[in-house]
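Reviewing the structure listed below.
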Amino acid sequence: MEELLESFVMYMTGTRENSYNTVISYKRDIAKYIDYLKENGIKTPLKADKMTVVTYLLQMKKSGKAAATVSRSLAALRAFYGYIISSGEKIKDPTLNISPPPLDKKEPEFLTAAEAELLLSQPKSSETRGIRDKAMLELLYATGIKVSEIIELTVDDINLKQGFLRCRTKTHERVVPMGRKAVSAVKTYLDKARPKLVSYDSVKYLFLNRNGTKMSRQGFWKILKSYGRSAGIKKEITPYAIRHSFAMHLLQNGADLEAIRQLLGHTDISSTQVYEKIMDTRIKQVYEKAHPRA
């Protein structure tokens, strides 16, 4: 069975466009599945049927695995059996018509206003890297844009005089106000830090790494997490948490839901209404805890 797994990994690596992380995850998932088959006296994946797969996934769920983990394992098994069948084996795909479990709906993580201020105060304004990081964090919190959007910003997308940025995706474009603190931080970055980072004059991207090229998603996540640790914030600090904080703080301070939807770039208001539901729930919790006749 191990030989079959290795040939599958070589296939995933060499003949399909898969990331390194995907290949490693699938290899680990299939290895666990093979161990399960051995424990249950099934000598080859070719002998497994639909009930085998369903029972394996149910066992994962009963052992406390998250729905996302179970879903990823099912995806790995589908790819594995798809490879086996494409290799010429005359078997019925045991993963056919198996639905993944519904994903756990978690309440979006967001920072309090005090935590946001603490996070934004972490970069050192005396260092080139700190000036850049300050501009990135201020801009992220001031606009609520996604990490995929902030790393794609170009110098021409920023209008400091008018105080807005142009955010473009494959399907649409929107204009988002920046706020005075974000404008100030970006201006300082453009004046004092970016000229020291840029490797050649034709680089168009706004935020650059130490090599003078476009900031990557991974690089941005690492920067954000490091400042979260230095601030001593126990919550998981991610670009999504900052985006959620942007929306919640606007809502808490009286912004209407439609305006927040437009700022976030949501096409459907239902995506934005989750913040209103969270706020309603928390207000109810405060009332029930504090009111003597609740």
Side-chain angles (χ1 to χ4, degrees), residues 19-22 24-25 106 108-111 115-158 160 164-170 173-174 176-179 181-200 203-249 263-266:
S19 69
Y20 173 79
N21 288 338
T22 297
I24 294 300
S25 295
K106 294 183 178 179
E109 185 79 271
F110 66 92
L111 306 179
E115 288 170 335
E117 288 292 334
L118 182 59
L119 180 67
L120 295 173
S121 69
Q122 295 306 304
K124 296 179 180 178
S125 59
S126 59
E127 301 174 355
T128 298
R129 177 177 175 272
I131 294 173
R132 179 204 62 191
D133 295 350
K134 174 72 170 176
M136 290 194 301
L137 296 187
E138 287 284 0
L139 196 60
L140 192 68
Y141 178 57
T143 62
I145 62 177
K146 300 175 183 176
V147 63
S148 58
E149 294 170 332
I150 197 170
I151 64 173
E152 291 294 334
L153 287 175
T154 69
V155 175
D156 293 336
D157 289 329
I158 301 292
L160 294 178
F164 68 81
L165 62 82
R166 181 176 55 190
C167 191
R168 290 173 289 185
T169 66
K170 291 181 180 179
E173 176 180 312
R174 70 186 190 279
V176 184
M178 294 169 58
K181 289 190 176 182
V183 168
S184 176
V186 172
K187 185 177 187 306
T188 301
Y189 164 68
L190 289 172
D191 292 343
K192 297 182 178 180
R194 191 175 183 277
K196 297 178 181 178
L197 293 171
V198 68
S199 56
Y200 48 91
V203 171
K204 64 178 181 178
Y205 294 104
L206 178 62
F207 292 114
L208 308 174
N209 59 28
R210 62 183 180 182
N211 297 319
T213 56
K214 184 179 79 168
M215 176 69 64
S216 68
R217 285 173 59 93
Q218 294 86 350
F220 191 93
W221 275 68
K222 288 179 181 178
I223 289 168
L224 193 56
K225 284 182 177 295
S226 69
Y227 286 124
R229 287 193 297 269
S230 65
I233 299 173
K234 302 302 181 183
K235 298 174 182 174
E236 185 179 8
I237 307 297
T238 68
Y240 299 112
I242 307 304
R243 181 171 164 85
H244 297 323
S245 302
F246 163 82
M248 283 299 297
H249 296 169
L263 291 169
L264 291 174
H266 288 164

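Scanning both residues, Q122 and S230, for their nearest heavy atoms gives OE1-OG, 3.1 Å. Minimum heavy-atom separation, R129 to S226: NH2-OG, 4.3 Å. Heavy-atom minimum distance, F246 versus Y141: CD1-O, 3.2 Å. Taking all atoms of both residues into account, the shortest heavy-atom contact from S148 to R217 is CB-NH1, 3.5 Å. Across P177 and T143, no two heavy atoms sit closer than the pair O-CG2, 3.6 Å. Looking at every heavy atom in both residues, R166 comes nearest to D156 through NH2-O, 3.8 Å.
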Using side chain to side chain contact (heavy atoms under 4.5 Å, CB included), reason through L139 and M178 one step at a time and then give a plain yes or no.
CA-CA 7 Å; L139 196 60; M178 294 169 58; 3.7 Å; yes
Side chain to side chain contact (heavy atoms under 4.5 Å, CB included) evaluation trace for Y189 with K134
CA-CA 8 Å; Y189 164 68; K134 174 72 170 176; over 6 Å; no
Run V147 and W221 through side chain to side chain contact (heavy atoms under 4.5 Å, CB included) and show every step you take.
CA-CA 8 Å; V147 63; W221 275 68; 3.8 Å; yes
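When each of T154, T213, L208, L197 is tested with V203 by the rule side-chain contact (heavy atoms from CB on, under 4.5 Å), just one qualifies, namely L208. The side-chain contact (heavy atoms from CB on, under 4.5 Å) test with R174 singles out one residue from L264, L263, I145, and that residue is I145.
In this structure, CG on L137 lies 7.0 Å from OH on Y227, to the nearest 0.5 angstrom. Interatomic distance, CG of D133 versus CD1 of I223, reported as 4.5 Å (0.5 Å rounding). Here the NZ atom belonging to K222 is positioned 13.5 Å from the CG atom belonging to L224, to the nearest 0.5 angstrom. Rounding to the nearest 0.5 Å places NZ of K214 at 8.5 Å from NZ of K204. Considering CG of L111 and CG of L120, their distance stands at 9.0 Å, rounded to 0.5 Å. The distance from the NZ atom of K235 to the CG atom of L119 is 11.5 Å, given to the nearest 0.5 Å.
The number of heavy atoms from other shown groups lying within 6.0 Å of NZ (K192) does not exceed 12. Residue-environment remark: NZ (K181) stays at or below the threshold of 12 foreign heavy atoms within 6.0 Å.
Proximity of F207 to R132: side-chain heavy atoms (C-beta onward) are separated by under 4.5 Å at one or more points. Between L206 and L165, every side-chain heavy-atom pair lies at or beyond the 4.5 Å cut-off.
Salt-bridge formation is detected for the pair R168/D157: a Lys NZ or Arg NE/NH1/NH2 atom is positioned less than 4.0 Å from an Asp or Glu carboxylate oxygen.
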